[in-house]
Protein chains: 2
Amino acid sequence: MDSINIKKLAEALNLSTSTISRAFRDNSDISVATKERILAKAKELNYQPNHYASNLREQKSKTIAVIVPELANNYFSQAIHGIERVARENGYHILIYVTDDDYKKEVTFIRHLHNGRADGIIMSVSGEANDHNYLNKFGAKRLPLVFFDRIYEDIETPRVITNDYNSSFLATEHLIEQGCKRIAYLVVNKSLSIGKTRMQGYIDALAKHGILFEENLIVDCSNSYEENSVIIKDALNELKPDGVFTSVERLAFATYYACYDLGISIPENLKVISFSSLEIAPLLNPSLTTITQPATEIGEEAASLLFTILDDHADKNLPREIVLESKIIMRNSTSKHPKKP
Amino acid sequence: MDSINIKKLAEALNLSTSTISRAFRDNSDISVATKERILAKAKELNYQPNHYASNLREQKSKTIAVIVPELANNYFSQAIHGIERVARENGYHILIYVTDDDYKKEVTFIRHLHNGRADGIIMSVSGEANDHNYLNKFGAKRLPLVFFDRIYEDIETPRVITNDYNSSFLATEHLIEQGCKRIAYLVVNKSLSIGKTRMQGYIDALAKHGILFEENLIVDCSNSYEENSVIIKDALNELKPDGVFTSVERLAFATYYACYDLGISIPENLKVISFSSLEIAPLLNPSLTTITQPATEIGEEAASLLFTILDDHADKNLPREIVLESKIIMRNSTSKHPKKP
DNA sequence: TTGTATGCGTTATCAC
DNA sequence: GTGATAACGCATACAA
């Protein structure tokens, strides 16, 4: 091994290792002169304190883990971007884990993270409705955890969410105002908290406007593109809705494709609104009316929250829940009188 | 500290720490009975070998770093997804770093990674054309590094790229065949290898078809949405191109917005083709003709390559360069006779 | 202000 | 098949 370490640097400078060590941490007493001498030599020899040794010693890793269901997705990539920014500012590194909505992976990741690799976790949970109790098994040793967007309601830990119920209510109301009478709700996993909340807004909005809620207008979709294509086409053919409210972006795209195939024209025959963080929603054909979540901000808030927990010695009353506002942006896909381009 | 470690587990079982340790690695001699006893107890007490201690001992982190210019971007999030998948299969963890196209950040990240935190690096370089030589300063101690997509040509390290020259040539030719005579090339940083290569394909295709290359049809854009909007509108107004070839997705979107604003209709007045990994390109108005790079696959290949380097003790002749094929997918934005929806 | 000694949790080497 | 021990590289309590 010709690699440099604290000992060799000490020898090279005729100093002790503790002095070297001190030069790299700010708090310790050390003369400015020696410190500079050390840092200069360190740069020359390309020395950097070994991260694992330091962390073993200090029992903290300056690393957080981010667990998401998927990555190739506007919402999550924006959220992670927000997390990354804040993490960087705080001198933290971030590890990424993708569950692909697989509960088993989620459990495995979390387990393995409790070996010192990370100081805290930011997670949007996987879609499967399973036993979340594994999170409680860690007891007091559980790493600080912040949920964002997709949460487990029965796990007590801080969370950053958006006003989903409200947005859904307004989205549904918007469709009704645009003249829709049979509104389908497309959801990926209706047992998941986020699907449920959003569905409730839909149901209540229908009720307010005296529209009968029909169970079969709730269309349960999957994560597979092919399956969704079939499911949605069948739903459009059989249910003949005049409005569609999709709980996730992907389902709106699938609806567009289905309509292209079936010759259903949006918005004349069918109006579509969706939760979506797509920045180019205005460029779609037709431009898509969206409930846009502040994805980047959600990530930033989640990260800030985690760092407050990690940094604060006095864990004063932290918020248990931060709720951010989504915005409904009306575009042509729900227009009564669409302007032809 | 009430946290569990190997010593406590050993005490609890009346065994030595070495026996415990052996139970967790596969190679060592240990009776099946004790091994099972240990693993059972470990699970009960929620014990896991401390990652930092192991790594300090073994001098490897089972972690790779991924450095990208941006995250909220189809191409990179897909690529990272590919990397993540392969990393997981190999039992590696991944750290994410975003440079925001800032050269200084890139240098800092790379520097700091050379402290044992990561065993290898996968990077798509930042846009600024600067001194890349910092990468050579590490000498033999430099971490294994794999470039993907955006590379520094003067740094010798394995790379995964696509056949950009060819794709650009064909894309330009496609525009010509569709009747374009004044084709603008929109690029973010023409000094960056990838911008250059793509531009050469454009230039050569023009030459082949006897079209004079005009320097001012090369439009240098920025990373800012607002700036690009101005730049592109000016370009469309002043240069009056009948075709636009954009080197990155974002510029195609900006072109669409500009055309909407200026009342230029695509493809009648202007045909547009772009490098893009956008999965919903068919849903745009009009659907966008793309040169689609196999983003996920690029990530997978880059990761596989890095792991071969890391795992192989005998570093037999590894490929210095893997070239994957992009596909041109023709859609309405370059159509001669667009079908009206 | 600087040096010495010890331990962080683990694994490899060697003994038994 | 199992146990004792040293070492990985660093940071701190304590001594000087």
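To find a chain, count down the sequence lines: A is the first, B the second, and so on, and within it residues start at 1.
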Participant: Closest to the B:Ser31 side chain: C:dT10, D:dC10, D:dT2?
Facilitator: D:dT2
Participant: So if I take every side-chain heavy atom of B:Glu58 and compare against D:dT12, D:dG9, C:dA12, which nucleotide ends up nearest?
Facilitator: C:dA12
Participant: Rounded to the nearest Å, what distance is computed from the OH atom of residue A:Tyr52 to the P atom of nucleotide D:dA11?
Facilitator: 15 Å
Participant: So which pairs with a foot in residues 152-162 of chain B pass salt bridge (charged side-chain N to carboxylate O under 4.0 Å, His left out), sequence neighbours left out?
Facilitator: B:Glu156-B:Arg320
Participant: Just call it for A:Tyr47: base, sugar-phosphate, or nothing, with non-hydrogen atoms closer than 4.0 Å on any strand.
Facilitator: sugar-phosphate
Participant: Specify the separation, in whole Å, of atom CD1 of A:Ile6 and atom P of D:dT12.
Facilitator: 11 Å
Participant: Rounded to the nearest angstrom, tell me the gap between atom NZ in B:Lys60 and atom P in C:dT10.
Facilitator: 19 Å
Participant: Once you round it to whole Å, what is the distance between P of D:dT2 and CG of B:Asn14?
Facilitator: 13 Å
Participant: Any chance the rings of A:Phe24 and A:Tyr47 have centres within less than 6.0 Å?
Facilitator: yes
Participant: Starting the side chain at C-beta, find the nucleotide from D:dC10, D:dT2, C:dT10 nearest to B:Thr19.
Facilitator: D:dT2
Participant: Got a sec, which residues hit salt bridge (Lys or Arg N to Asp or Glu O under 4.0 Å) with B:Lys35, two or more places apart in sequence or on another chain?
Facilitator: none
Participant: Counting only side-chain heavy atoms from C-beta out, which of D:dC10, C:dG9, D:dC8 sits nearest to B:Gln59?
Facilitator: D:dC8
Participant: What is the distance from CD1 of B:Ile4 to C1' of C:dT10, rounded to the nearest Å?
Facilitator: 14 Å
Participant: Please, which pairs that meet side-chain hydrogen bond (donor to acceptor under 3.5 Å, both in side chains) have at least one residue in residues 64-88 of chain B, sequence neighbours excluded?
Facilitator: B:Glu70-B:Asn73, B:Glu70-B:Arg250, B:Asn74-B:Glu249, B:Tyr75-B:Asp149, B:Glu84-B:Arg88, B:Arg85-B:Glu89, B:Arg85-B:Glu300
Participant: Looking at C:dT10, D:dG9, D:dC10, which one has an atom nearest to any side-chain atom of B:Leu56?
Facilitator: D:dG9
Participant: Any sub-3.5 Å donor-acceptor pair from B:Thr162's side-chain atoms to B:Gln293's backbone N or O?
Facilitator: no
Participant: Would B:Lys8 and B:Glu11 pass as an ion pair if we require N to O under 4.0 Å?
Facilitator: no
Participant: Of all residues at least two apart in sequence or in a different chain, which pass the salt bridge (Lys or Arg N to Asp or Glu O under 4.0 Å) check with A:Glu58?
Facilitator: A:Arg25
Participant: The side chain of A:Ile30 is closest to which nucleotide in this list: D:dG9, C:dG7, C:dT2?
Facilitator: C:dT2
Participant: Which comes earlier along DNA chain D counting from the 5' end, the contact point of B:Val32 or that of A:Phe24, where each point is its nearest nucleotide?
Facilitator: B:Val32
Participant: Could you state the CD1-C1' distance from B:Ile38 to D:dG1, rounded to the nearest angstrom?
Facilitator: 11 Å
Participant: Of the candidate nucleotides D:dG9, D:dA11, C:dT10, which contains the atom at the shortest distance from the side chain of A:Ala53?
Facilitator: D:dG9
Participant: With a 4.0 Å limit, can you tell me whether B:Ser54 has a side-chain N or O closer than that to the phosphate oxygens OP1/OP2 of C:dT10?
Facilitator: no
Participant: Write down the distance between CG (A:Leu9) and P (D:dC10), rounded to a whole number of angstrom.
Facilitator: 9 Å
Participant: Whole-Å distance between C:dG3 P and A:Glu11 CD?
Facilitator: 13 Å
Participant: D:dG9 phosphate, OP1 or OP2: any side-chain N/O from A:Asn5 under 4.0 angstrom?
Facilitator: yes
Participant: Examine D:dT2: is either OP1 or OP2 under 4.0 Å from a nitrogen or oxygen in the side chain of B:Thr34? Give yes or no.
Facilitator: yes
Participant: Each nucleotide N or O in nucleotides 13-16 of chain D that has a protein N or O under 3.5 Å away: list the pair and distance.
Facilitator:
none

Participant: Which residues satisfy the side chain to side chain contact (heavy atoms under 4.5 Å, CB included) test with A:Leu143, sequence neighbours excluded?
Facilitator: A:Leu113, A:His114, A:Ile121
Participant: Does A:Leu15 reach a base, just sugar-phosphate, or nothing at all? Heavy atoms under 4.0 Å.
Facilitator: sugar-phosphate
